[in-house]
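Indexing begins at 1, ligand by ligand and atom by atom, following the structure's order.
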Amino acid sequence: MYKQIGVVTGGGDAPGLNAVIRAVVRTAVGEFGMKVIGIEDSFEGLLGETQTMKLTTKAVSGLLPRGGTVLGTRNSGSFCEFVDGKVTFPEGSINGALENLKNLEIEALIVIGGDGTLAIAQEFSKRGFPIVGVPKTIDNDLAATELTFGFMTALDIATEALDRLHTTAASHDRVMILEVMGRHTGWIALHAGLAGSADVILIPEIPFSFESMIQKINKREKSGSRFTNIVVAEGAREVGKSEFYQDAGSSQSAPRLGGIGDYIRQKIEEMTGKESRCVVLGHLQRGGSPNAFDRMLGTSFGACAVRALNEGEIGKMVALQANTIITVPLAEAVANIKTVAADGQLVRTARDIGISFATPKGFKSSVSNGLLT
Ligand code: F6P
């Protein structure tokens, strides 16, 4: 159907991006006889003197285990403006990129990204340019797909970090705090907390109180466990307070979270007198080789995205639902983010086995997502 398509990676990198690129190229070239052009540095490569690379099957050889993205990426730039907490998409950049896509003879785009990148892709789609999106983010917060690629690798890394902190916490009788990524949602913290045996999990969806956290630490002390492991999502907040930011952002970039872990460390030391340490896992969660699951999911997403494009399913995003890759409207995929249900099954399981969310007394969740959330 298309002679030549483009592929672009946007937003923060995630393990598995190269696996998707490889699958896109192998499917487009091998199965459908298309040519593929890689756009460099997210949509920025489509502005001015365009930055692109020809992607042949040979060019993507050996990419499956490689971390990062060979195309480069940006999570700020000319395609988004942040004004008073609202995001707008500068008309000039979109139109300039559309003009260059025409000049480059790129007839359709596979866009691999999270909510921000896919919202930009949606602007291209609204103007009639054929797009298929691929959901990427270690945060796993994209609506319409049960999983994004990158999440499972980040989860492995966070779980290993908790395992390692466990032994040092126990040796020193300390409180150890692991701050993990998760801007608006606590998927990494919740899953890693369960898999890595945290005693306290703090996520943006459930505001916490220090009173409740200290109660948990004291209860453990009384029962003979003189150490406590806490995992906190960077976007978690104390009840009645706002998130912690490292910088306020600008008109071109979103505010950057960070600092909650160290704040908790200080407060715990003050309130309990117990020695406490904080580790910020940061970009270690995003860098390096994808695990087997993310290689497999990225490959499936990439191949299905090209197939969808070839079948004329444009303005869509590939998504994983009930173990099958389907397509959903891009507009639906970017309309909302997927949050952890405060009374969902995983949270309940964690509570059942004695993990605390440091929930303040009387906190009631208004969300109910049923048994299998
Ligand atoms: O959305 C992915 C993510 O890793 C967030 O969890 C985190 O807040 C953000 O990106 C960090 O971005 P940067 O690479 O700009 O520090």
Side-chain angles (χ1 to χ4, degrees), residues 9-17 20 41-44 67-69 71-82 85 87 111-121 133-145 147-159 161 178-193 201-205 231-237 242-263 279-288 290 294 298 317 333-334 336-340:
T9 54
D13 66 340
L17 278 166
V20 183
D41 302 334
S42 189
F43 292 103
E44 299 297 317
T69 161
L71 294 176
T73 189
R74 297 285 180 271
N75 59 4
S76 56
S78 323
F79 288 83
C80 271
E81 263 175 26
F82 301 86
V87 185
V111 179
I112 313 166
D115 54 349
T117 305
L118 294 175
I120 299 171
V134 176
K136 165 243 62 161
T137 164
I138 65 159
D139 292 354
N140 196 34
D141 60 357
L142 265 176
T145 184
L147 282 174
T148 51
F149 73 85
F151 170 66
M152 286 294 185
T153 306
L155 175 56
D156 282 351
I157 294 163
T159 302
L178 178 69
E179 181 181 312
V180 296
M181 283 186 171
R183 232 184 312 192
H184 308 295
T185 62
W187 295 108
I188 297 178
L190 175 60
H191 283 74
I201 299 175
L202 305 173
I203 59 176
E205 293 87 342
V231 58
V232 56
E234 60 184 353
R237 60 195 169 82
S242 65
E243 302 86 357
F244 270 72
Y245 288 98
Q246 280 184 39
D247 73 52
S250 67
S251 63
Q252 296 251 295
S253 64
R256 206 150 56 90
L257 285 157
I260 184 73
D262 201 52
Y263 172 66
V279 173
V280 179
L281 202 50
H283 293 79
L284 287 173
Q285 291 157 98
R286 296 217 315 238
D294 283 331
M317 180 187 85
V334 298
N336 292 302
I337 59 164
K338 179 182 69 199
T339 53
V340 173

**Report entry** Plane angle bin for H191 and F151 - parallel if under 30°, tilted between 30 and 60°, otherwise perpendicular
**Finding:** perpendicular

Query raised in the report: Can you list the ligand 1 atoms lying under 4.0 Å from a non-hydrogen atom of N75?
Result: 12 (O), 13 (P), 14 (O), 15 (O)

Query raised in the report: Which of the numbered atoms in ligand 1 are below 4.0 angstrom from a heavy atom of G182?
Result: 6 (O)

If you take the nearest heavy atom of each of [options], which one is closest to [atom]?
atom                    : options                : answer
atom 8 (O) of ligand 1  : H283, E234, Q285       : E234
atom 5 (C) of ligand 1  : L257, D247, D139       : D139
atom 11 (C) of ligand 1 : R183, R286, H184, R256 : R286

To the closest 0.5 Å, what do you measure between [atom1] ([X]) and [atom2] ([Y])?
X    : Y    : atom1 : atom2 : value
T148 : D139 : OG1   : CG    : 8.0 Å
T153 : L155 : OG1   : CG    : 9.0 Å
T339 : H184 : OG1   : NE2   : 11.5 Å

**Report entry** F149 and its side chain to side chain contact (heavy atoms under 4.5 Å, CB included) partner, picked from N140, T137, I112
**Finding:** I112

